[in-house]
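Treat the numbers as computed from the prediction; the structure is a model and nothing was measured. Just so it is clear: chains get the letters A, B, ... in the order the sequence lines come, proteins before strands, and each one is counted from 1.
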Amino acid sequence: MNKTRMFDMKRSRIKELFLSQPIGTDVKICGWVRTVRSNKNVSFININDGSCVENMQVVLSPDHADYKLLCDIHTGTCVSIEGKIIESQGSGQSIELLPEKLMILGKADPQLYPLQPKEHSLEFLREVAHLRMRTSTFGAIMRLRHAMAYAIHKFFNDRGFFYLHTPIITGSDAEGAGAMFRVTTLDFNNLPLNEDKTVNFKEDFFGKETHLTVSGQLEGELGAMSLGQIYTFGPTFRAENSNTTRHLAEFWMIEPEVAFNELQENMDLAEEFLKYLIQYALDNCSSDLNFLNARFIKENEKKKQEERDEMNLLQKLEFVVSHPFERLTYTDAIEILKSSAPYKKKKFQYPVEWGVDLQSEHERYLVEKHFKKPVILTDYPKAIKAFYMKQSDDGKTVKAMDVLFPGIGEIIGGSQREDDIEKLKTRAREVGIKDEDIWWYLDIRRFGNAPHSGFGLGFERLMLFVTGMSNIRDVIPFPRTPKYAEF
RNA sequence: UCCUCCUUAGCUCAGUUGGUUAGAGCACAUGACUGUUAAUCAUGGGGUCCCUGGUUCAAGCCCAGGAGGGGGAGCCA
């Protein structure tokens with residue numbers, strides 16, 4: 001690296017410089033200015049290039065040939081700097097950069113640039129999502145998001161799973177997971193009509209009605225029943241009018257599906273998977289997690305006493321990887337809720353009765369108050385669960401499982417799948433799905449049938465937990481929600 | 001979709017019972033300052049008080065409608 005010629009210097013990423021501490025060597029960095037501080041004798045320019053949460057401090061003296069450039073260097077300016085790495089003469093950082101040559105690649109008018117060297121509200125930053133990844137918080141979140149995506153592939157690859165690309169455009173409306181976005185090339189101002197005035201979708205691009213997928217599961221099952229064990233990891237779309245901190249219209253979902261697995265093994269996989277991912281973050285993203293932890297602690301202190309988290313972010317992550325998840329049946333959960341203090345004091349807004357779906361308040365009680373750890377609920381009443389879930393011998397419940405996390409609620413939903421073709425057809429018809437719509441799904445039960453299981457993990461919900469953020473719009477670069485598709 | 005809260009300078013926010021020319025911190029400009037960490041200090045510029053209508057001698061403040069946003073709920077991952 002000890003080159004004397006500057007113009008052909010290789011660019012270093014700041015993360016590498018902090019790791020290798022190459023004191024005395026000449027380097028080149030490119031990045032965006034975070035802050036500038038000056039006095040009569042010296043100026044400090046803090047540069048971030050996105051490689052890590054830490055900034056490189058550039059120390060510029062007034063007698064430097066490029067000192068005049070300082071008047072155009074503000075927060076947001078993009079610069080390229082060649083110079084020597086030296087041991088920092090101030091406290092607060094181990095090394096700093098003494099510039100030989102300073103170049104402005106792109107100015108940022110300080111009167112117009114929205115980001116300032118101060119804390120901005122998350123709501124404001126959502127309005128400038130094209131720039132918010134330049135902040136420490138969103139930089140850390142997006143690097144963690146990448147690390148988690150990578151860890152997901154690594155987890156499955158290391159265990160012999162195959163990444164299956166299930167379709168994003170789907171012709172089946174049988175997935176049954178809520179409202180779908182329509183995909184069409186028809187001219188809305190001149191729709192082809194049938195004789196009964198309904199739209200003639202035979203004229204549409206695919207010759208039938210098509211939508212964006214709400215789940216890759218049904219196709220995932222086909223993969224599992226051929227390749228043994230697969231996972232999907234792709235975008236998923238729900239046209240629900242959900243306005244919450246936990247819902248997006250476009251989100252990413254991971255759906256493993258394993259032939260021969262029954263419910264017990266499905267739970268084991270889900271628990272091992274989540275713990276692996278969180279451990280991966282702890283092992284590989286410590287500086288970003290430390291930054292987010294400091295942020296979490298500060299936010300937590302602002303909350304009212306009764307709403308405060310007992311643990312900080314790092315403690316929560318450590319806690320989850322080191323404790324077994326609580327596993328119990330829906331029926332047992334109902335019993336616990338019925339003998340709970342809030343139930344007896346009539347604090348629950350919604351009724352607790354065998355057969356009703358558990359509400360947020362009930363899930364929160366179980367996870368946050370009663371067990372104080374992640375909970376896997378199983379064996380739900382069949383009436384409140386999807387048609388494809390394996391019916392139990394009791395005739396009342398299905399082999400479903402929901403993994404509930406503190407502060408997030410359902411992070412995973414899954415089940416053993418119904419492999420009895422007659423029961424499957426009957427249940428599908430009950431919810432209005434015709435055999436011919438899922439003929440290929442039924443075929444799997446007809447040819448070489450076997451038990452199999454799987455689940456879906458909401459990627460952004462995982463990100464909420466790992467980053468300690470509280471709004472799902474802040475853990476995806478460009479959120480899509482009802483009435484909002486900017487950028 | 002329902003409930004609820006909010007909208008004042010580029011950002012974060014204060015603004016009393018309706019009363020003269022709407023404030024602060026940060027940011028920005030200028031100057032000062034011996035190495036700063038969101039540096040500090042001084043001075044200065046900067047406003048469609050979300051929009052529309054109404055009540056009133058007088059509206060940032062009260063009333064009605066609308067728009068945008070936050071939080072909670074439902075639905076779910």
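The side chain of Ser121(A) approaches U12(B) more closely than any other nucleotide in the set G74(B), U36(B), U12(B). Of the candidates C28(B), C11(B), A38(B), C11(B) carries the atom nearest the Phe124(A) side chain, counting heavy atoms from C-beta on.
Taking only distance into account, the side chain of Gln93(A) meets the base of U36(B) through a donor-acceptor pair shorter than 3.5 Å. Judged by distance alone, with hydrogens and angles left aside, Lys40(A) brings no side-chain donor or acceptor close enough to the base of C33(B) to form a pair under 3.5 Å. Contact annotation: side chain of Asn39(A) to base of U40(B), donor-acceptor pair absent below 3.5 Å. Residue side chain Gln57(A) reaches the base of U36(B) through a donor-acceptor N/O pair under 3.5 Å, judged by distance alone. In terms of polar N and O atoms assigned as donor or acceptor, the side chain of His247(A) comes within less than 3.5 Å of the base of C76(B) in a complementary pairing. The base of G70(B) does not come close enough to the side chain of Glu123(A) for any donor and acceptor atom to sit less than 3.5 Å apart. Remark: the Arg246(A) side chain and the A77(B) base include no donor-acceptor N/O pair separated by less than 3.5 Å.
Nucleic acid contact for Thr75(A): none, since no nucleic acid atom lies under 4.0 Å from a heavy atom of the residue. Within 4.0 Å of Leu248(A), counting heavy atoms only, lies at least one base atom of the nucleic acid. As judged by a 4.0 angstrom heavy-atom cut-off over every strand, Gln111(A) is placed among residues touching the sugar-phosphate backbone only. Gln359(A) comes within 4.0 angstrom of the backbone, heavy atoms only, and of no base. Residue Pro114(A) is classed as having no contact, given no heavy-atom separation below 4.0 Å to the nucleic acid. Residue contacts for Ile412(A): at a heavy-atom cut-off of 4.0 Å it reaches the sugar-phosphate backbone alone, with no base atom in range. No contact: Glu255(A) has no heavy atom under 4.0 Å from any strand. Ser43(A) comes within contact range of no nucleotide atom at all, as no heavy-atom separation falls under 4.0 Å. Tyr350(A) comes within 4.0 angstrom of sugar-phosphate atoms only, judged by non-hydrogen atoms across all strands, and of no base. Residue contacts shown for Ser242(A) include a base, since a base heavy atom lies under 4.0 Å away. Note on Asn55(A): nothing from the nucleic acid sits closer than 4.0 angstrom, heavy atoms only. Within 4.0 Å of Arg126(A), counting heavy atoms only, lie sugar-phosphate atoms of the nucleic acid but no base atom.
OP1 or OP2 of G72(B) has at least one side-chain nitrogen or oxygen of Thr245(A) nearer than 4.0 Å. Checking the phosphate oxygens (OP1, OP2) of A39(B), a side-chain nitrogen or oxygen of Thr35(A) falls inside 4.0 Å. For U36(B), the OP1/OP2 oxygens have no side-chain nitrogen or oxygen of Arg37(A) closer than 4.0 Å.
Classified by interplanar angle (parallel below 30°, tilted 30° to 60°, perpendicular above 60°), the ring pair Tyr330(A)/Trp354(A) is perpendicular.
Considering only heavy atoms from C-beta on, Ile334(A) stays 4.5 Å or farther from Glu353(A) through its side chain. Side chains of Glu418(A) and Arg427(A) form no contact here, defined as non-hydrogen atoms less than 4.5 Å apart.
Here Phe251(A) lies parallel enough and close enough to stack on the base of A77(B), with planes under 30° and ring centres under 5.5 Å apart.
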Given the rule in the salt bridge (Lys or Arg N to Asp or Glu O under 4.0 Å) test, do Lys372(A) and Glu326(A) qualify, once you have shown the distances and angles that lead to the verdict?
CA-CA 9 Å; Lys372(A) 298 190 181 209; Glu326(A) 189 70 34; over 6 Å; no
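Of the candidates Tyr150(A), Phe233(A), Tyr163(A), Phe273(A), Phe156(A) forms a ring pair (Phe, Tyr, Trp, His ring centres under 6.0 Å) with just one, namely Phe273(A). Checked against Pro479(A) for a side chain to side chain contact (heavy atoms under 4.5 Å, CB included), the options Glu250(A), Glu460(A), Arg473(A), Glu486(A) give a single hit: Arg473(A).
Mapping His120(A) and Glu96(A) onto RNA chain B by nearest heavy atom places His120(A) at the nucleotide closer to the 5' end.
Two rings, from His211(A) and Phe181(A), have their centers 6.0 Å or more apart.
U12(B) is paired with A24(B) under the criterion used here, namely a Watson-Crick or G-U wobble arrangement in which both key atom distances are under 3.5 Å.
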